[in-house]
J.: 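Just dropping this structure here.
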Amino acid sequence: MKYDASAVEARWQARWEADGINHARDGDPRPKFFLLTMYPYPSGDLHVGHWYAMAPSDAVARFKRRCGYNVMFPIGFDAFGLPAENAAIEHGIHPYTWTMENIARMRRQLRSMGAMWDWPREIVTCDPEYYTWNQWFFLKMYDCGLAYRALAPVDWCPKDNTTLAREQVVGDERVCERCGTPVIKKNLEQWFLKITAYADELLDFSQIEWPERVRTLQTNWIGRSQGVEFEVPVRDRPGARFRVFTTRPDTVYGMTFCVLAPEHPLVDELTTVERRGEVDAYKFKAARASDIERLSTEKERDGVFIGAYAINPMNQAPVPIYIADYVLLTYGTGAIMGVPAHDARDFDFARKYALPIPVVIAPPGWDGAPLEHAYLDEGTMVNSGPFDGLPSPVGWQRIADEMVRRGIGERRVNYRLHDWLISRQRYWGTPIPMIYCDACGVVPVPYQDLPVLLPHDAEFRPTGESPLRYHEGFLNVACPRCGAAARRETDTMDTFVDSSWYQYRYLSPRHTDGPFDPAAGRHWLPVDQYTGGVEHAVMHLLYTRFWTKVMRDLGLVGFDEPMTRLFNQGIILGPDGNRMSKSRGNVVSPDEFVRKYGADTLRGYLMFIGPWAEGGPWNSRGIEGIARFLARVWALVTEAAKARAPETAASERELEYWVHHTIRRVTDDMEGFRWNTAIAALMEYTNVLQRARATAPAPLWNEAVRTLVLLLAPLCPHVAEELWVEHLGQPYSVHDQPWPQYDPQKATAERITLVLQVNGRVRDRVEVEAGITDALAREVALANPKVRQYLNGRTVADVIVVPGRLVNVVARG
RNA sequence: GCGGGCGUAGCCGAACUGGUAUAGGCGCCAGAUUUAGGAUCUGGUCGGCGCAAGCCGGUGGGGGUUCGAGUCCCUCCGCCCGCACCA
C-alpha cells in the first residue's frame, strides 16, 4: 500500500482540530512552555519562507510537548499597515476587506502545514478587541509622561502632500515609493514614546539568552557614549556661548576650531556680515542635501568659517567657528570642539582648511614630529598646561572634574537612540486616543470612552492623505473636559506598537478588563522561546523589551524581559538568490509542493537542507530525497506489521545500539534546533533497520520501529500519526506519547574502530572492544604490522593514546 | 572605513571541547527488476598514479603552533550581513 499524503494529512488535521489537542489549558499541572513565533503580516499568500520560519518552530512545540511540557504555541496576524492602504488607494478595496480576505486565505494555507497552533487563541491586530489595548497602553504612558507630543522632522512627500513612513522612502535618492518625488524633511507635531528613559536598562542583557548578534545590534543602535558637555564662550560677544559634547575631554587643549551644525540656532546670530553670503549658501546646500548624501563617506568633508571666534575655556585660546554638515543637530548639542590631532574627522577638516594640528596626547615613543593620521588611543598628555605628563585616562577625569568645579561643564551620557516616533498620518492603524480642544488644549480620551474606533466609511484619496482628516463624524467630538466642540487626533499608531505586546494578548485574547488576564499571565509568562528573523533586531525586538519594562513599571507583570530565549532562523531566498518578492516574480508557494508531496515532505525538506539559522536560496531539487525517505519509512513500518522473518539473535546488540544511539542523537539535535542532522540520523537509522529487518528478533524489531515513528513525529506529524495509530495499533495520539529515553549503556557501541597513526598519519584501522585500556591500545598499535612497517626501525619517541579513538606513534630519526 | 559572519566533493551540507575530513541527501555511474520508460532495490561516486594491494595530494591562498589542524594563531583573497561622520 502506498502512502497517500493528501488524504492522510487532511484526515488527521481534521481530527486534531475536532479533538482540540493543540489547545493549551491554563490550569494544566505540567510545567509550562510558551513558544512564540513572529506572527505573519497578511500580505495575501504564504510563501515557503513562512514555512521555513514556522514548520521548525512547530517541531519545537511538538518536541517540548512530548518532553512533558504544557506548551502554548499561538498564532495571529499583524493586520494593520501600509500595504492594505495602498491596495485601497490603487484598487479601491477597503483595507479591512483586503486584510480579512488575505487572512482567510492564509489561515487555509497555514492549516495545511499541520502545525499544532492554538487557533482558539488567534489574534488579529486590526480588530478593535485588540487595538483598544494599544490605546489603553498609550493613555497609561501618557499618564506617566512616557507618551508626549513634540515638533519633529519627518519625511514628507510634497507631491502626495503627506508624510511617509520610513519604509516608504526608497532608494539612495530617498524618493516617495508611490510617485518617485524626492522626499523632504518637514517639522510636524508628532507623538513619541520615551524609550530613551529605558536606554540604560535596555543595554543590560543579563537576564536573557539572545544571540550575540542581536545584542550587538541593539547595543550599537542605542549607542551610549559617556563624556562631558561644556560651555564654549564666543569672543567679543559678552554672554554669547554654546555648548559642545565630547567623549574626549582629555584632548581639550588640542582644540583648534569649533564646528556648529548648519541648522544650529546660534549660526545666524554669530555669523559676521562679511561671511553671511557664504554661510547662507552653505546652509541652503546642506538643507537640500538628503541625509544619505550628507552622511556619505565618499563626499569630502567641507564647511564654512562664520567669522566668529570661540574661546577655549581651558586655556583661553581663540579658535575659529565653522559650520559643517558633518556635525548633526540631532546628536549631542549640535556643536563640537575640533581636535584634529585626536579625531579622524577633525584631522581631515583641519588639513583641508590649513588649521593647526597640535598634539596633546603623545603616542608612546612620539618624537615630536607632526602626525600623519589622527592619534585616537591613550597616551601621555602634553601641551595641556597643568595636566602635562598625566596618562590620558587620568587627565580625562581631572579635566572633567575641573570643568565641573568651575561650573562650565558636567559629565553626561548621550545616546544615539531617539524616542520612538509613533505618529503615522495614515488610516489603517490604531487611532491615537487624543483630543484637541481650543480651551483645554490636548486632552486624552477618557478610559471609559475606549476604544476610539476606526470608522469604516472612509474615502481614500489618490493623494494618500489620511481619510480621517476629512471624516467629519470621526473628527468632531465634544471635549471630555469642558464639553466644547473639539477635534480628534487623526494620526494613527506605528504598527510596531501592535507587535510590542501581542504575546501577552495570546494569553486571553477575549479578555475585556485589561490587555490580558493576570491569572493567565502568572501561569504562562514570560515567553520561554521566541523565534523569528534577525531583521527585527533593532525595531520590534527593542520595542517589545521597552514595552515589557513599561508594563512592569505599571505593575502589570513581575519580570523585566519579554522573551527569555531568542532564536533567529535564516531566510529562504528565491531560486535566483534574491529576497522573495512579488515584484521580482521569484516567490515560491508551498501549495504546489504540498499538493505533490504532502506537508510532511515539505516540512522535512525545509528542515533538512541545512542549519536553520542559515537559510539560503530555494531549490526544489532535493525534495525527492525526503519524499523517498518517508516512503521508505512507510514501507518499513507497514510491512513490519505483517509477518516477520524467523528470529535470530545475531545482530541484537547492534540493533539495540542503533535504537539508543539514534534516540540520543535526535534528542540532542532537537534540543539544539539542528533539524538537518536530526533527519540525517533518522535516515541512517532507517537504512540500518532496512538491513536488519530479516534477522532482528520481533520484540526488539517492534521497539526499533516504534522508536523511529516516535522520533519522526515532531518533524512529520501526519505520517507519524498514521503509522502509529493505523499500522502499529498504538493509542492516539503519537503527539501525546512521552519522548523516548535512551540508555547510555546501550547507546554505546560494543566495538570501535581504533585508528593507528605514525607521526600523525593514518596507517591502519583496527576493530577493538570499545572499553579497551590505553595500555592495550598502545600494545595493539606497536604490534601492528603496518605501524611497524612505517616505523621502519626508528626509535619510538612517544605514543599518544586518545581513548576510544586513536593511537599515534611518534617516531624519531 | 568600522564591526560581525562565512569559505569543506558537481550541488545542499556532516565533523562534540584539535584526534578516521566529506556523515545524510541531491545529482551522476553501474547492476537487479521491468517489453520499454518511470518507480523501486543493490553497489559505486574528492583528485592523481596503479591491474591490484596500495601510495601520494586534498577543507579559498600562504605561513605558524602541535605528536596531530577543517577546527587554534598570523597574513592575504573572495562572498554575505550590519553600522556608516554619533563628536
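Each chain gets a letter, A, B and so on, in the order its sequence line appears, and its residues count up from 1. Because the structure is predicted, anything quoted here is derived from the model rather than measured.
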J.: When you compare the side chain of A:Val809 with that of A:Leu756, does any pair of heavy atoms fall below 4.5 Å?
T.: no

J.: Rounding to an integer number of Å, can you tell me how far A:Arg691 CZ sits from B:G43 P?
T.: 6 Å

J.: Glycosidic conformation of B:A39, syn or anti, with 90° from 0 as the boundary?
T.: anti

J.: Assess whether a salt bridge exists between A:Arg215 and A:Glu212, defined as any Lys/Arg side-chain N lying under 4.0 Å from an Asp/Glu carboxylate O.
T.: yes

J.: Would you indicate which nucleotide in B:C86, B:A14, B:G24 comes nearest to any side-chain atom of A:Ala680?
T.: B:G24

J.: Quickly work out the A:His536 NE2 to B:C81 P distance and round it to whole Å.
T.: 17 Å

J.: Between B:G25 and B:A15, how far apart are the two P atoms, rounded to whole Å?
T.: 16 Å

J.: Under 4.0 Å, counting only non-hydrogen atoms across every strand here, what does A:Asp668 touch: a base, just sugar-phosphate, or nothing?
T.: nothing

J.: In terms of side-chain heavy atoms of A:Lys786, which of B:C86, B:G54, B:A23 is nearest?
T.: B:G54

J.: Taking the six-membered ring for Trp, are the ring centroids of A:Phe349 and A:Tyr326 within less than 6.0 Å of each other?
T.: yes

J.: Name the closest nucleotide to the A:Arg345 side chain, picking from B:A87, B:C67, B:U20.
T.: B:A87

J.: Figure out the CZ/C1' separation between A:Arg665 and B:G24, and round it to whole Å.
T.: 9 Å

J.: Expressed as a whole number of Å, how far does the P atom of B:U65 sit from that of B:C29?
T.: 47 Å

J.: In whole angstrom, give the distance that lies between atom CE of A:Met607 and atom C1' of B:G25.
T.: 15 Å

J.: Out of B:C67, B:G57, B:G82, which has the shortest distance to the side chain of A:Asn808?
T.: B:C67

J.: Please confirm whether A:Tyr353 and A:Tyr322 have ring centers closer than 6.0 angstrom.
T.: yes

J.: The side chain of A:Leu806 lies closest to which of these nucleotides: B:C55, B:C86, B:U20?
T.: B:U20

J.: If you only use heavy atoms from C-beta on, which nucleotide in B:A23, B:A87, B:A21 is closest to the side chain of A:Arg765?
T.: B:A21

J.: For the backbone of A:Ile222 and the side chain of A:Arg416, can you confirm whether one donor and one acceptor N or O come within less than 3.5 Å of each other?
T.: no

J.: Counting side-chain heavy atoms from CB outward, which of B:A21, B:U42, B:C86 is closest to A:Tyr331?
T.: B:C86

J.: Could you measure between the two P atoms, the one in B:G60 and the one in B:A69, and give it in whole Å?
T.: 15 Å

J.: Rounded to the nearest angstrom, tell me the gap between atom CG in A:Leu756 and atom P in B:G68.
T.: 18 Å

J.: Can you check each nucleotide of nucleotides 7-13 of chain B against protein heavy atoms at under 4.0 Å and return B for base, S for sugar-phosphate only, - for none, in 5' to 3' order?
T.: ----SSS

